[in-house]
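Bear in mind that the values here come from a model prediction, so they are computed numbers and not experimental data. What's counted below: heavy atoms across the whole structure, side chains too, no hydrogens, waters or symmetry copies.
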Amino acid sequence: QVQLVESGGGLVQPGGSLRLSCVASGSMFRIYVMGWYRQAPGKQRELVATIAADNSANYADSVKGRFTISRDNAKNTVYLQMNNLEPKDTAVYYCSGRHPALPVNSYWGQGTQVTVSS
């Protein structure tokens, strides 16, 4: 069914920036709740940010003020702009999607590695 393809990960120094992209297939992207999660080595996967169809957004406290989630429904794409990156942001970042009528995320991307190191 729906496929999510992520890009934009890489290696950056502390204080640097990255922009992650997630392109979705399908015709219902515009109504889906989209989100970004991350998982660091040896740790549980955690929520980073979510964005609903009306562009309302939620952020984890650890990234608030540094990260911005956005979406372009014409391109079936959700973005995560990451500024002032810190070593603790190092993780595999996953894109997710959920139909608003469902309580759980139905679709997941393959993940993209973000490494913040000097």
Side-chain angles (χ1 to χ4, degrees):
Q1 279 201 21
V2 174
Q3 304 287 325
L4 304 177
V5 180
E6 298 149 318
S7 62
L11 173 65
V12 297
Q13 294 196 342
S17 297
L18 282 175
R19 187 198 195 203
L20 306 183
S21 299
C22 173
V23 180
S25 66
S27 61
M28 296 192 296
F29 174 84
R30 64 188 180 278
I31 69 170
Y32 271 51
V33 179
M34 302 299 297
W36 289 95
Y37 290 72
R38 67 186 183 186
Q39 187 168 23
K43 305 188 73 173
Q44 296 289 110
R45 186 163 62 188
E46 64 177 351
L47 172 70
V48 176
T50 62
I51 184 167
D54 65 356
N55 284 318
S56 62
N58 292 302
Y59 298 91
D61 288 342
S62 59
V63 307
K64 201 169 299 182
R66 299 188 297 122
F67 291 10
T68 302
I69 189 171
S70 61
R71 66 194 297 160
D72 186 340
N73 291 335
K75 296 183 173 67
N76 271 29
T77 302
V78 61
Y79 305 95
L80 185 68
Q81 178 66 47
M82 305 184 294
N83 297 326
N84 195 24
L85 284 160
E86 304 170 1
K88 66 181 180 182
D89 296 317
T90 295
V92 177
Y93 284 70
Y94 297 92
C95 179
S96 68
R98 174 177 65 85
H99 190 284
L102 300 177
V104 297
N105 290 321
S106 300
Y107 307 104
W108 293 88
Q110 78 290 342
T112 185
Q113 177 71 48
V114 172
T115 302
V116 185
S117 177
S118 59

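- In this structure, the side chain of T112 does not engage the main chain of Y93 through any donor-acceptor pair within 3.5 Å.
- Between K75 and T77 the shortest heavy-atom distance is O-OG1, 2.8 Å.
- Listed for the R66 side chain is a donor-acceptor partner under 3.5 Å among the backbone atoms of N84.
- At a threshold of 4.5 Å between non-hydrogen side-chain atoms, the residues V63 and R38 count as touching.
- A heavy-atom distance below 4.5 Å is not found between the side chains of F67 and L18.
- Under the 4.5 Å side-chain heavy-atom criterion for grouping Ile, Leu, Val, Met, Phe, Trp and Tyr, I51 is not connected to V5 through any hydrophobic cluster.
- In this structure, T68 contributes its side chain and Q81 its backbone to no donor-acceptor pair below 3.5 Å.
- Closest non-hydrogen pair, S118 versus P14, comes out as N-CD, 3.7 Å.
- R71 forms a cation-pi arrangement with F29, by the criterion of a distance under 6.0 Å to the ring centre and an angle within 45° of the ring axis.
- Counting heavy atoms from C-beta outward, T50 and R98 have side chains that stay 4.5 Å or more apart.
- Residues W36 and L47 fall into different hydrophobic clusters, defined by Ile, Leu, Val, Met, Phe, Trp and Tyr side chains chained together at heavy-atom separations under 4.5 Å.
- Hydrophobic clustering of Ile, Leu, Val, Met, Phe, Trp and Tyr side chains at less than 4.5 Å, counting indirect connections, keeps I69 apart from Y94.
- Under the 4.5 Å side-chain criterion, counting only non-hydrogen atoms from C-beta, Y32 is in contact with Y107.
- In this structure, the side chain of E6 does not engage the main chain of C22 through any donor-acceptor pair within 3.5 Å.
- In this structure, T90 and Q113 have side chains that are in contact, with non-hydrogen atoms separated by less than 4.5 Å.
- From S96, atom OG reaches atom CE of M34 across 6.5 Å, with rounding to the nearest 0.5 Å.
- A 6.0 Å sphere centred on CZ of R45 holds more than 12 heavy atoms belonging to other residues, nucleotides or ligands.
- With a 6.0 Å radius and a threshold of 12 heavy atoms from other residues, nucleotides or ligands, K43 has its NZ atom at or below the threshold.
- Between L4 and Q110, the closest heavy-atom pair is O-OE1, 3.4 Å.
- At a threshold of 4.5 Å between side-chain heavy atoms, the hydrophobic network of Ile, Leu, Val, Met, Phe, Trp and Tyr places V78 and Y37 in two separate groups.
- Among L20, L80, L11, V92, the one residue that satisfies the side chain to side chain contact (heavy atoms under 4.5 Å, CB included) test with V114 is L20.
- Put simply, the side chain of S106 does not reach to within 4.5 Å of the side chain of V2, judged on heavy atoms.
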